[in-house]
Colleague: 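To start, I am sharing the structure in question, which I have written as structure tokens.
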Amino acid sequence: MTLRLHDTLSGETRPLEPLEPGHVRIYSCGPTVYGPTHIGNFRSFLFADVLVRYLRYQGLRVTWVMNITDIDDRIIERANAAGETTAQLTDRWLAQFKSDFAAVRMTPPDVLPRATEHIDAMAELIAQLLESGNAYRTEDGSIFFRISSWPAYGRLARLDATQLRVGERVEADDYGKDDVRDFALWKGPKPGDPSWETGIGPGRPGWHIECSAMSMRHLGLSFDIHTGGIDLIFPHHEDEIAQSEAVTGQPFVRTWLHCDHLRLGGAKMARRVGNIARVADLLAEGTSPRALRYALISVNYRQALEYSEASIDAATAAIARLDALVAALEAYREGRADAEDLPDELSAARTRFEAAMDDDLNVSAALAALFDLVRELNRRIADRTLSSGDAVRALALLRELDTVLGILPDQAEDLPPGAAELLATRVAARAGRDWAASDRIRDELLALGIAVEDTRDGQRWRRLEAVR
RNA sequence: GGCGACGUGGUGAAGUGGUUCAACACGGAGGUCUGCAAAACCUCUAUUCACCGGUUCGAAUCCGGUCGUCGCCUCCA
């Protein structure tokens with residue numbers, strides 16, 4: 001079975017067949033770095049991350065590109081308001097973004113192209129669109145894409161161009177278009193705005209053209225997968241298709257994947273609504289980054305997902321259950337023959353996990369397979385029916401599946417200062433049946449965030465995930 | 001006004017015609033184990049899948065309608 005994905009453009013769920021066999025090229029619409037990236041944005045990035053991880057788990061080569069929008073109206077506004085350059089502002093928020101995505105274990109994209117470093121590529125595309133008659137210039141030096149020149153416009157969003165509600169919000173950004181539906185490729189120079197000198201004249205790029213330019217430069221004129229939030233279908237991705245295909249004459253993207261919204265309080269998480277949560281804030285409040293990741297990826301990307309404290313609490317508990325099993329397997333020692341039926345158990349779990357992921361990234365079902373295995377392994381640990389080698393093999397499978405999910409504890413965890421001594425002292429106290437000392441030290445370790453458990457495999461410890 | 005998604009237990013959620021059809025996680029109740037704990041395991045926690053009607057031998061799953069929620073219609077992940 002191979003990975004089947006739901007393509008927005010065709011509306012079909014179909015097998016992924018990379019243009020170049022064995023090599024998948026993916027472009028993800030990334031953040032506009034004018035402020036902190038909220039966890040709704042991160043849901044869409046993490047779904048792409050899981051996709052990339054799963055493809056690599058399957059042995060495929062993946063080239064993953066995520067753009068950084070570092071020039072747009074909001075950036076200019078904020079930089080001017082703060083009395084700094086747009087570069088200073090965007091550098092700062094890009095650093096924050098990188099710090100946030102590392103915290104939630106997002107795989108670093110292979111390329112994080114910045115819009116301002118691809119102005120030339122955008123200008124070239126626009127020049128070709130002018131030449132072909134798909135674009136026109138206005139008096140202030142702006143350049144617009146002429147929608148009437150592109151009959152397929154509206155296919156992705158399933159919008160009938162003649163039915164659009166025109167005239168409600170189009171005045172604000174009016175640069176003298178021929179048709180209100182036309183969108184800006186290039187914005188003519190304005191006092192106080194950053195401006196670039198290019199072959200198509202001075203000014204700055206529109207938003208949509210940057211993704212066409214950067215994706216084609218880094219991935220080719222046609223590539224396999226383009227991801228983004230559901231709210232980017234229109235107009236952003238619709239515009240990308242029009243301007244890209246008008247230039248190249250070939251299909252821009254093979255598979256469009258769109259992630260539904262993260263909600264908070266029943267409404268789409270959005271800055272405009274004011275119901276946003278930020279990664280750094282949540283972590284500062286004591287939320288476990290792994291639990292946050294779990295909460296954001298554990299539901300299929302095409303389902304709307306409600307974020308709440310309860311969802312984080314549930315995720316924290318689920319993570320703790322996995323941590324406990326990992327600690328138990330690491331500590332497990334039993335001199336006995338290998339369990340005959342364990343290999344079948346493990347391979348069945350793997351098969352179920354993969355079948356779920358193959359089904360358009362059904363993470364919920366994949367987690368069900370994982371947790372069924374967790375229960376089975378816990379059972380066998382309690383029964384002492386595993387050999388030491390069995391425990392090693394079981395743990396290896398968990399680690400392998402976790403290359404896709406990214407939710408297990410790190411391999412090498414350092415103890416906080418003093419903890420190693422306390423653990424050793426406690427072992428000695430227990431040997432002398434000094435329960436008072438044993439319990440006191442257990443409390444001290446707990447205060448350090450270390451949970452101690454006494455088992456047949458001896459004293460076992462694990463780091464507690466932060467809880468609010 | 002146009003287009004689209006969704007509505008499963010206390011909560012999140014899998015399941016899209018019938019072999020446990022109600023996974024899995026969290027939460028709750030009881031029990032086992034343990035110096036005490038913790039962790040773990042076991043049992044229980046939806047005769048039911050928004051509502052109404054239809055198709056079918058058979059539907060959470062297909063069709064029609066009703067109600068409700070959310071989103072998009074050029075700032076939006």
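Within every chain, numbering begins at 1; the chains are lettered A, B, ... in the order of the sequence lines, protein sequences first and strands thereafter.
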Colleague: Do the side chain of A/Arg430 and the base of B/G35 come within less than 3.5 angstrom through a donor-acceptor pair of N or O atoms?
Modeller: yes

Colleague: Do A/Arg78's NZ or CZ and the ring of A/Tyr34 fall within the cation-pi criteria of under 6.0 Å and 45°?
Modeller: no

Colleague: What is the distance from CD of A/Gln303 to C1' of B/G71, rounded to the nearest Å?
Modeller: 13 Å

Colleague: Under a 4.0 Å threshold between the charged nitrogen and the carboxylate oxygen, would A/Arg336 count as salt-bridged to A/Glu334?
Modeller: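 The answer is no: the pair does not qualify as a salt bridge.
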
Colleague: Would A/His237 and A/His208 count as a close aromatic pair, with their ring centres under 6.0 Å?
Modeller: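 No, too far apart.
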
Colleague: What integer distance in Å separates A/Glu453:CD from B/C33:P?
Modeller: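 Value for this atom pair: 19 Å.
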
Colleague: A/Glu376 has an atom CD; how far is it from atom P of B/C41, in whole Å?
Modeller: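 About 10 Å, once rounded to whole Å.
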
Colleague: Can you see if the side chain of A/Arg375 gets near the phosphate of B/A25 - specifically, an N or O under 4.0 Å from OP1 or OP2?
Modeller: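 Yes, because at least one side-chain N or O of A/Arg375 sits under 4.0 Å from OP1 or OP2 of B/A25.
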
Colleague: Using atom CD1 of A/Ile312 as one end and atom P of B/C26 as the other, report the distance to the nearest whole Å.
Modeller: 15 Å

Colleague: On the nucleotide B/A39, are OP1 or OP2 found under 4.0 Å from the side-chain N or O atoms that A/Arg462 carries?
Modeller: no

Colleague: Looking at B/G15, I'd like to know if its phosphate oxygens (OP1 or OP2) sit under 4.0 Å from a side-chain N or O belonging to A/Asn362.
Modeller: yes

Colleague: Round to a whole Å and report the spacing from CG of A/Asp383 to C1' of B/U32.
Modeller: 12 Å

Colleague: Return the CG to CZ distance between A/Asn378 and A/Phe371, rounded to the nearest 0.5 Å.
Modeller: 10.5 Å

Colleague: For A/Arg456 and B/A40, what is the distance between atoms CZ and C1' respectively, to the nearest whole Å?
Modeller: 13 Å

Colleague: Could you check whether the side chain of A/Arg442 and the base of B/A37 have a donor-acceptor pair of N or O atoms closer than 3.5 Å, going by distance alone?
Modeller: yes

Colleague: From CZ of A/Arg380 over to P of B/C33, roughly how many Å is that when rounded to an integer?
Modeller: 23 Å

Colleague: Looking at A/Arg379, does any N or O in its side chain come under 4.0 Å of the phosphate oxygens OP1/OP2 on B/C42?
Modeller: yes

